Amino acid sequence: MDTTTQMLRITGPAIAELPVAAADGGQDSISPITVIGNDAVRETFCGQTLRQAINSRLAPGVSRVVLNPDAHVGYGAPVGCVMVSPSHVYPGPVGVDIKCSMSLLQTDLPADAINELTVRRKLIKAIGKRVPSGAGRGQRNAPKSRRVDGALGFQVVTEGATKSVLKKLGIPKGWADACEDAFHTAPDGSSDTLAARLQWMGRQRDKLDRIESKYRQLGSLGGGNHFGEAEVVQLVQDPALRKIGESFGLRDGHVAFLTHCGSRGFGHDMAMGQFRAMKSDFEKRGLAFPAGDPQLCYAEADSDAGQKYLCDMAMGANFATVNHLLINALVLEAFREVFPSVRGELVYFISHNIVRRETIDGMRQWVHRKGATRAFPAGHPDLARTAFADTGHPILLPGNPRDGSSIMVANPGASASAFSVNHGAGRRMSRTKAKKNLRQEAVDQGLLDHDIISNCRVYPRDEAPDAYKDFGEVLASVTQAGLASEVARLKAKFVIKDGAPADD
DNA sequence: ATGTAC
């Protein structure tokens, strides 16, 4: 254990405080950072992760920081943290993959329908024809994808999942109700609409071609830790939680499809454009970066720079939303190619890289979730008039294919963590370390031992289950801290990743 | 995470 971890003050089961002193040595009332994690998880926090959390807590306008069990070093702020401010927005703690999210499609196929490896290979192939994976890949890499031209792409990123967009893309209109946010607009008081902002961008030199080329990635998974995964749903035994799971539309012992992806090249362009603009704005005004780190640049939310950031983030978020919904529609179409009468419904779509306006500590504040998932319990005012008002919304947490993924629901205790939980297991080894330390045969055999196949000839070693933290300990921390309860476990049957494709 | 960048 390093010295920084020893500074943690344990205040409850799997919950601790990291005291923060003002940089000038003063003892002003800076509320401590909330740290979620049991003994095993606390061991995983390295000094730099805690240092980033402290830098974030001391940054201007920040009222609160939460560190989740999956935390590791990130861009300015740690991945796996929540940063709250009544006044300021921070692009770094949203990240380069704006609105990176999870979605879950529940089918009515019983688990044994996909027992046969030949059936699973057929499904992998049918999905691959419609939904490409891998860096740079888009619609032209998938013969049965939906083609999106410039005009429809413009509508997608300026409107999000509106009725008109869903209809044009053949996405069931009811799926918009299963979204944490179906669309994003310019912030209140913004001088620009999203359409005006995007038109302005398109008039910059050579920018229109670049923007339009990114629309052609709608309906694609991307690379890195992004994936699509066929699952068997296992509801928990507890009758009350089981009932909540059933009300979410989950079907015990049936096949579901879990998707992890974000806003692809489009969101990346929006994020990088903003980092550049905000950094040069700082330098022009002679402002100092928080803790000297340009990755923690910021703007007041109602300033011109802040509004421009929120507009560009909204467009990236709209791309991610429609990208997920389109992938789910195409995956369902692929299942129908193999099982013509199969039915499927979107359970939920929820982000873990976004800033949202929410009530925290009695105030409307900007809640930055960087690798953190919103966790509103039953009765939360922002769930009123949704299907989840009386239960809380589904929380979709990817673990790893070997140990499964988890669906949780928030408890009232989630207020302790700014109504947030983790977003997955969290990386334990860097990509380079994982590639060096993990043996390819062991990784591939480990998945086969659990009856899991993939579209890859060899599974990417830097994405192997052992490259990530112990998912059981991460989930135990969330439960012990009283933030959320598990409703169902998802057991992987096949995985679609960016990797060398398997031969037929 | 992205994709080869005023």
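Just so it is clear: chains get the letters A, B, ... in the order the sequence lines come, proteins before strands, and each one is counted from 1. Keep in mind it's a predicted model, so treat the numbers as computed, not measured. Any value given below was found using the heavy atoms of this structure, including those in side chains, with hydrogens, waters and symmetry copies removed.
Remark: A/Y348 engages A/F388, A/H393 in a ring pair (Phe, Tyr, Trp, His ring centres under 6.0 Å) (not counting sequence neighbours). Judged as a salt bridge (charged side-chain N to carboxylate O under 4.0 Å, His left out), and not counting sequence neighbours, the contacts of A/D304 are A/K308. Residues satisfying the salt bridge (charged side-chain N to carboxylate O under 4.0 Å, His left out) criterion with A/E231, sequence neighbours excluded, are absent altogether. Here A/F154 pairs with nothing under the ring pair (Phe, Tyr, Trp, His ring centres under 6.0 Å) rule; sequence neighbours left out. Residues passing the side-chain hydrogen bond (donor to acceptor under 3.5 Å, both in side chains) test with A/K433: none are found, sequence neighbours excluded. With sequence neighbours excluded, no residue forms a salt bridge (charged side-chain N to carboxylate O under 4.0 Å, His left out) with A/D177. Residues satisfying the salt bridge (charged side-chain N to carboxylate O under 4.0 Å, His left out) criterion with A/E486, sequence neighbours excluded, are A/R489.
Within the nucleic acid shown, A/K207 has no heavy atom closer than 4.0 Å to any nucleic acid atom. Residue-level contact check: A/R205 touches neither bases nor backbone, having no heavy atom under 4.0 Å from any strand.
Extent of DNA chain B lying under 4.0 Å from chain A heavy atoms, first and last nucleotide in 5' to 3' order, is B/dA1 to B/dG3.
Ring planes of A/F257 and A/F494: tilted class, angle from 30 to 60°.
Annotation: proximity of residues 93-105 of chain A to DNA chain B (heavy atom, distance under 4.0 Å) is found for A/V96, A/D97, numbered in ascending order. Near DNA chain B, meaning a heavy atom under 4.0 Å from it, residues 217-225 of chain A has A/Q217, A/G222, A/G223, A/G224, A/N225 in order of number.
Contacts classified as ring-ring contact (aromatic ring centres under 6.0 Å, His included) and involving residues 124-150 of chain A (residues at least two apart or in different chains) are not found. Counting only residues at least two apart or on different chains, no ring-ring contact (aromatic ring centres under 6.0 Å, His included) pair has a member in residues 427-448 of chain A.
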